[in-house]
Protein chains: 2
Amino acid sequence: MLKLTKKADYGLMALKYLAEHPETPALSAKEIADAYGIPAQLLAKILQRLTKTGLLKSHAGMNGGYALAKDAEKISAFEVILSIDGPFFITSCTKGAHGCDLTPSCTIKEPLARVNDTIAGVLKSISISDLAEDGQTVPKAAAHGLVTLTLS
Amino acid sequence: MLKLTKKADYGLMALKYLAEHPETPALSAKEIADAYGIPAQLLAKILQRLTKTGLLKSHAGMNGGYALAKDAEKISAFEVILSIDGPFFITSCTKGAHGCDLTPSCTIKEPLARVNDTIAGVLKSISISDLAEDGQTVPKAAAHGLVTLTLS
DNA sequence: AAATATCCGACTTCTTCGGTCCTCATTCAG
DNA sequence: CTGAATGAGGACCGAAGAAGTCGGATATTT
């Protein structure tokens, strides 16, 4: 529950891998897939999607492959997940386009919408470069309790 | 993606409904289900689960039903979702019990674990009573940009 | 021309979610 | 005591979505 899809995971991993190899002009889907042991054809489709949404540049032919379209610092986890999995909403009824199909009972939705916004905000604040920089950039001891949330 | 299950939604709705009717000693699953137009038998199982985890008290027999086991302020959305859907992790590999089945490539996981913690924190900060109190308790205009996230 | 890539849609397989059905246990009213 | 109402809970099914595969078309370098 409340999980990222594996595709999104794979996409993040691939982008991280690309960010860690800035010297190479392009890496093929197969190379990246082999590096992580994930299905090559599946990753290929993911990378194609990221290309279509402008996060990657692609180059066909021999020695072709993919490269980041912008700086790793400028690509957020939010963009990646959005590109791969489409818009997400924590609640089933979006409460925007067509409202709720249930009785007008969805008073629950307003508080949860704020949760949704919070999650989106967190994901937007994380960039690919945050994932890359090998090892822990953040002191492990401080990994908990460092989140301050202000709800109104 | 990244959605709550309908069961969790239903559970939250039901608890909200119970919180809004503190005078009645017990409400049957059918009553609540009818109020929201959701399948009675499905809701029944959800309520049974919430009973087993101690969030609800149940009473069989005629005029039986369910009632909150503690104050609505003391029940968090987190507990409810956890009870219904089980423990959630934003990443597929928990990195705790059995680690990652992929190559030790999961350097991604540490930052995402913090995202996970953040989400859990937000859900813990929302109580059933927050859902209940009819209308918007929080000024709508302030619904955006009120989240402060400190990442180390 | 051949090898290596991306590109892209169709398809299968697998899991999970949403939902139903049926049975048993408990409690209260008459 | 009996029966209606209710909770408890297992078995099951269909639909939907996720994960992964296949096949072919196009582009690019050698």
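Residue numbering restarts at 1 for every chain, and letters A, B, ... go by the order of the sequence lines.
Taking CG of A:L27 as the reference point, atom CG of A:L18 lies at 5.5 Å (rounded to 0.5 Å). Taken to the nearest 0.5 Å, the OG1 atom of B:T51 stands 11.5 Å off from the CD1 atom of B:I46. Note that the CG atom of B:D130 and the CG atom of A:L112 stand 10.5 Å from one another [nearest 0.5 Å]. Here A:L15 contributes atom CG and A:L68 contributes atom CG; the two are 6.0 Å apart, rounded to the nearest 0.5 Å.
Evaluated for a side chain to side chain contact (heavy atoms under 4.5 Å, CB included) with A:L47, the options A:L56, A:L42, A:L55 yield exactly one hit, A:L56. Paired with A:I75 under the rule side chain to side chain contact (heavy atoms under 4.5 Å, CB included), one option of A:L12, A:L131, A:I126, A:I128 passes, and it is A:I128. Just one residue in the list B:T5, B:D9, B:L123 forms a side chain to side chain contact (heavy atoms under 4.5 Å, CB included) with B:I81, and that residue is B:L123.
Summarising the geometry, the separation between CG on B:D9 and C1' on C:dG19 is reported as 16 Å, rounded to the nearest angstrom. Rounded to a whole Å, the CG atom of A:L43 is 14 Å from the P atom of C:dA5. Spacing between atom CD1 of B:I38 and atom P of C:dG18 amounts to 12 Å, rounded to whole angstrom units. In this structure, CG of B:L27 is placed 14 Å from C1' of D:dG7, rounded to the nearest angstrom. As rounded to whole Å, 10 Å separates atom C1' of C:dT16 from atom NZ of A:K3. In this structure, B:L56 atom CG and D:dG7 atom P are separated by 11 Å, rounded to whole Å. Across the protein-nucleic acid pair, B:Y66 atom OH and D:dA5 atom C1' stand 13 Å apart, rounded to whole Å. The distance from atom NZ of A:K30 to atom C1' of C:dC7 is 18 Å, rounded to the nearest whole Å.
Under 4.0 angstrom from either OP1 or OP2 of C:dT4 there lies no side-chain N or O belonging to A:H59. When the side-chain nitrogen and oxygen atoms of A:S58 are compared with OP1 and OP2 of C:dC7, one or more of them lie within a distance under 4.0 Å.
With the end axes of the helix from C:dA1-D:dT30 to C:dG30-D:dC1 each set by five pairs, the angle from one to the other reads 10° at 10° resolution.
Checking D:dG9, C:dC8, D:dT30 against the side-chain heavy atoms of A:N63 singles out D:dT30 as nearest. Looking at the side chain of A:Q48, the nearest of the listed nucleotides D:dG7, C:dC7, D:dA19 is C:dC7.
Among pairs with a residue in residues 11-31 of chain A, those fulfilling ring pair (Phe, Tyr, Trp, His ring centres under 6.0 Å) read A:Y17-A:H21, A:Y17-A:Y36, at least two apart in sequence or across chains.
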_Nucleotide-resolved protein contact map, nucleotides 20-27 of chain D, B/S/- at heavy-atom distance under 4.0 Å_ = BBB----B
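Checking side-chain atoms of A:D34 against main-chain N and O of A:E31 turns up no donor-acceptor pair under 3.5 Å.
Residue-level contact check: A:A26 touches neither bases nor backbone, having no heavy atom under 4.0 Å from any strand. Residue contacts shown for B:A44 are absent, as no nucleic acid heavy atom lies under 4.0 Å away.
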